[in-house]
Protein chains: 2
Amino acid sequence: MSDLDEIAAIIGETRVLTGADAAPYATDWTGAYTGAPLAVLRPKDTAEVAAILKIANAAGTPVVPVSGHTGLTGATMGQDALMLSLDRLNTIYAIDPEARTARIGAGVILSSLHDAADAHDLIFPLTFGARGSAMIGGVLSTNAGGSNVLRYGNTRDLCLGLEVVMADGRIMNLMSALHKDNSGLNLRQLLIGAEGTLGIITAAVMKLKPKPRAYATAMVAVPALSDALGLLNTLQDATGGAVEAFEYMPRSYIDRHIALISGARPPFEDAYDVNILVEVGATAPRDATPGPDGQVPITAMLEDTLGAMMEEGRLLDAVIAQNDAQRAEMWARREAAGEILVQGGNFVNTDVAVPLDKVATFLTRVTPRLKAIDPDAHEVVVSHLGDGNIHHTTLLKRNDPDVMAALVEAVEDVVQELGGSFSAEHGVGLSKLDTMRRRKDPVALDTMRAIKTALDPKGILNPGKVIPD
Amino acid sequence: MSDLDEIAAIIGETRVLTGADAAPYATDWTGAYTGAPLAVLRPKDTAEVAAILKIANAAGTPVVPVSGHTGLTGATMGQDALMLSLDRLNTIYAIDPEARTARIGAGVILSSLHDAADAHDLIFPLTFGARGSAMIGGVLSTNAGGSNVLRYGNTRDLCLGLEVVMADGRIMNLMSALHKDNSGLNLRQLLIGAEGTLGIITAAVMKLKPKPRAYATAMVAVPALSDALGLLNTLQDATGGAVEAFEYMPRSYIDRHIALISGARPPFEDAYDVNILVEVGATAPRDATPGPDGQVPITAMLEDTLGAMMEEGRLLDAVIAQNDAQRAEMWARREAAGEILVQGGNFVNTDVAVPLDKVATFLTRVTPRLKAIDPDAHEVVVSHLGDGNIHHTTLLKRNDPDVMAALVEAVEDVVQELGGSFSAEHGVGLSKLDTMRRRKDPVALDTMRAIKTALDPKGILNPGKVIPD
């Protein structure tokens, strides 16, 4: 009996996809990475995942875990591998509204978790564009970020427990719901963000948070990007740390938004260089309940804070959303980033992070270097500024791979000079593998290799990704 | 030249302590673990730490890192090892008030970091009793907790970057100050809490937080412990997550406090079973600035919330501190825990955690089992209830090691039944090594062993601690 027959006998023949059935899995969401898998396997539970890994490990067959297939780095490319889809492990086992936890399978879609929390007047705060397809297994394996990491942290900050199937098929039970646990090495944190190279996450315990009862949202223009961190700190201090989003859009982004998106309008009457979307969330009723004048206190607080800063000359302009439609327009401008970039032909983009006080330096330093490589290069930047996370895109007139590589290299050079990271929230996968090899601390790389070899001696788990040879 | 001579030639003869000079290091703060080291080494910087490890690794000589020596589990016991003291790596390299980070050496004393942050009107929030001696290297290596983890997280949540000397003396540079970084396996999180078994932490980048401008503190009595989580959630919702401490003291604790501590007074006129110290911190000026009536808004908010709960019959009693002296008295009651336990002869204590909604079940279930072992057993409990962390102590009339072991076993049985951890915040060291062997998930144990062997093949780093053979 072949390995696939053996697997089919365990998980059912209809759950082993080959040929045309497997074809949709050959290309991920980005379309940039294509690879024909040996087969796509759709186990129904952890025991079946374990059985598959036992067989694959014995045979030394590569296994690539996949959940929503929405990653941006090619980490789920399954060429010549068994693709192990976690989509059927989609059970929400329990929502505990008192302890504010959710126990869920790795195949639960992110937006389903949002809905399940909402039914208890709670939120699972992590969110991003692909929330309708991304599954929690992938969210954990890439330590996904998004727009409100500032307040709630990255995925790893929102996970209390994990169940993991190791390379040899053994099940590691770390499914606790504990806020303090110092019983040995923290394997949970090691597995989160490992992109499926050390084990396959099959279930998790996630934290839930109180649902904000009201939001106050504004567009703010400051004189220079170096003034932005002062604005953030002032807002954090004034609101007791309630800033949920702090998103930077430079003039070039605003211009492009207006040029490309039908119905798009400028945020202010005048045009400014440094435009920031600010959102504050109020969970306390006293902040969210409209007063006798009809005004929501959180909105009044934002208005007072921005008004005082304006009087001090620290702001150039500020507009506060007065209703849901105005708030939606502010967010639509930010969320158009993907569309704005794709329209326009040739581009290279990066997902980098620098220390909070180095974003302005980064942007000042990178521009002349890009222009030196390609005088026609045009930068479009959008940034989760509160996390120091910059999505930097360079548009080019020509589709020249050498020039494109040189542009990425120039961006990453500046990142490295400023003590930043070449991968802030998307991970490494295949797309940053060469960068890892050249730019990551060599002792850290060797340490990663040693851990990989120790936990997956035959190298079957997502081989060739994340950790360069 | 002997290894010690070689080391002396590098770090200086006066920095190699032996004989009487080394004797003070033989016993830690608890006095429970004693071991004569081969020598105590006091390198001045990372390069000297690296040089020492190269020599020790070549010779296969055990190295036990020590900083403040205030741990509670024997993790720094240095019998037949080179004790590597980090006390001279005590430089605060930089405080960045805008990015709200501190770059410091592993030998910086926790209270020195507190002072350095305070000078910029910021806080490093993590704190505990031994703050005047504990050093940041040990704080990180044990992932220390304390009383305000509820709001600010454990040590691992407050660390952005690390510098680590690996077993073979190579220096791993993870000294970033990034809020998002998905460039490969998260080695920082693996090293934090590893108790010096995988590498020696020599420097770190820590997060700083806005300093609360005012606190509102209260003692609250609820009908039953199972009502406490509802109180916590109500307070979190009302204050937007500003609860800094939520500390449970049962009637037996209060009685013992009054009996043993001179001048101690009961928290309420009547005596209750479930007494909780609540503290809310206000960072926003609007919450901290006294109104025309002289009242501080954060205090008014706490009063309103507790008042409403009282009317709903959800509280039995509540007293809000009206001034600093009253707040200090409330905290003194909680911080007397150590004294209260030590007076009284024979005892066994544990540091356990259970899910937030299981604390009441834990206490109900554990009592009859202890009484069955020793009818004279008397429990004293104090709990960081907001984290599910219970410091459970059993007082005995007789000093009988078998009975003591049986009592600990009974507590840990209940912890395990409820999905808890036998070590919440103190770590494993030597004291929980046998428990690790018997109670930790066996696949997790094997995974820890594999990682240990991969990163420290000769087993020189803090051997015999944390990870059982």
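Heavy atoms only: backbone and side chains are in, while hydrogens, waters and symmetry mates are out. In what follows, chains are A, B, ... by sequence order, proteins preceding strands, each numbered from 1. Note that the structure is predicted; figures quoted are calculated from it, not measured.
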- Segment of A:T239 engaging chain B (4.5 angstrom heavy-atom cut-off): backbone

- Message: Only pairs of heavy atoms separated by less than 4.5 Å count here; which of B:V205, B:N173, B:V354 has the most with chain A?
- Response: B:N173

- Using non-hydrogen atoms only, which part of A:L185 is less than 4.5 Å away from chain B: side chain, backbone, both, or neither? both

- Query: By a 4.5 Å heavy-atom criterion (distance strictly below it), what part of A:P97 contacts chain B: side chain, backbone, both, or neither?
  - Reply: backbone

- Task: Flag the one option from B:M166, B:R100, B:K358 with the top tally of heavy-atom pairs under 4.5 Å to chain A.
- Result: B:R100

- Query: Roughly how far, to the nearest 0.5 Å, is CG of A:L208 from CG of A:L158?
  - Reply: 9.5 Å

- Task: Could you tell me the separation between the CG atom of B:N389 and the CG atom of B:L356, rounded to the nearest 0.5 Å?
- Result: 11.0 Å

- Item | A:R213 portion near chain B, given a 4.5 angstrom heavy-atom threshold | side chain

- For the candidates A:I467, A:D304, A:T283, which exhibits the highest count of non-hydrogen atom pairs separated by less than 4.5 Å from chain B? A:T283

- Task: Indicate yes or no for a side-chain donor-acceptor contact from A:S141 to the backbone of A:G193 under 3.5 Å, with no hydrogens or angles considered.
- Result: no

- Message: Regarding B:K432 and B:E412, does a basic nitrogen lie under 4.0 Å from an acidic carboxylate oxygen?
- Response: yes

- Max heavy-atom pairs within cutoff under 4.5 Å with chain A, candidates B:E425, B:E195, B:R188, B:H426, goes to B:E425

- Under 4.5 Å to a heavy atom of chain B? For A:R156 that would be side chain

- Task: Can you measure from CG (A:L174) to OG1 (B:T447) and round to the nearest 0.5 angstrom?
- Result: 8.0 Å

- For A:D287, is it the side chain, the backbone, both, or neither that has a heavy atom closer than 4.5 Å to a heavy atom of chain B? side chain

- Top contributor to chain A contacts, counting heavy-atom pairs under 4.5 Å, from B:M448, B:K465, B:Q189: B:M448

- Query: Of the listed residues (B:A242, B:G388, B:P210, B:G146), which shares the most heavy-atom pairs with chain A below a 4.5 Å separation?
  - Reply: B:G146

- Message: Under 4.5 Å from any heavy atom of chain B, what part of A:L229 do you find: side chain, backbone, both or neither?
- Response: both

- Do B:R170 and A:D446 sit within salt-bridge range, that is, some charged N less than 4.0 Å from a carboxylate O? yes

- A:A144 backbone acceptor or donor facing A:T155 side chain under 3.5 Å: yes

- By a 4.5 Å heavy-atom criterion (distance strictly below it), what part of A:M436 contacts chain B: side chain, backbone, both, or neither? side chain

- Item | Which portion of A:D237 sits near chain B, non-hydrogen atoms under 4.5 angstrom | both

- Message: Looking at chain B, which one of A:K180, A:K211, A:R286, A:K452 has the largest number of heavy-atom pairs inside 4.5 Å, strictly under?
- Response: A:K180

- Distance only, no hydrogens: is a donor on one side chain within 3.5 Å (strictly under) of an acceptor on the other, for B:N143 and A:N182? yes

- Query: Can you tell which of A:M301, A:Q236, A:K209 has the highest number of heavy-atom pairs within less than 4.5 Å of chain B?
  - Reply: A:M301

- Query: Is it the side chain or the backbone of A:V466 that comes within 4.5 Å of chain B heavy atoms, both, or neither?
  - Reply: side chain

- Determine yes or no for a side-chain-to-main-chain donor-acceptor pair under 3.5 angstrom, with A:D456 supplying the side chain and A:L461 the backbone. yes

- For the pair B:E163 and B:I171, evaluate side-chain contact (heavy atoms from CB on, under 4.5 Å) and give the outcome as yes or no after the intermediate values. CA-CA 7 Å; B:E163 180 187 71; B:I171 299 166; 3.9 Å; yes

- Note on the structure: The interface call for A:D351 against chain B, heavy-atom contacts under 4.5 Å, is neither

- Message: Counting heavy-atom pairs closer than 4.5 Å to chain A, which one of B:G184, B:G230, B:G145 comes out on top?
- Response: B:G184

- Message: So, applying side-chain contact (heavy atoms from CB on, under 4.5 Å) with A:N154, which one of A:I192, A:D387, A:V149 is it?
- Response: A:V149

- Query: Does B:N233 reach the main-chain N or O of A:E98 with its side chain, forming a donor-acceptor pair under 3.5 Å?
  - Reply: yes

- Item | chain B contact via A:M175 - which portion, at a heavy-atom distance below 4.5 Å | neither

- Message: Strictly distance-based, threshold 3.5 Å: is any side-chain N or O of B:T73 a donor or acceptor partner for the main-chain N or O of B:S431?
- Response: no

- Query: Which bit of A:T435 is near chain B, if near means a heavy-atom gap under 4.5 Å: side chain, backbone, both or neither?
  - Reply: neither

- Message: Between B:K207 and B:L160 (side chain of the first, backbone of the second, donor and acceptor by atom type, cut-off under 3.5 Å), is there such a pair?
- Response: no

- Message: I need the residue from A:A450, A:P355, A:G240, A:S183 with the largest number of non-hydrogen atom pairs under 4.5 Å to chain B.
- Response: A:S183

- Let me know if A:L445 has heavy atoms under 4.5 Å from chain B in its side chain, its backbone, both or neither. neither

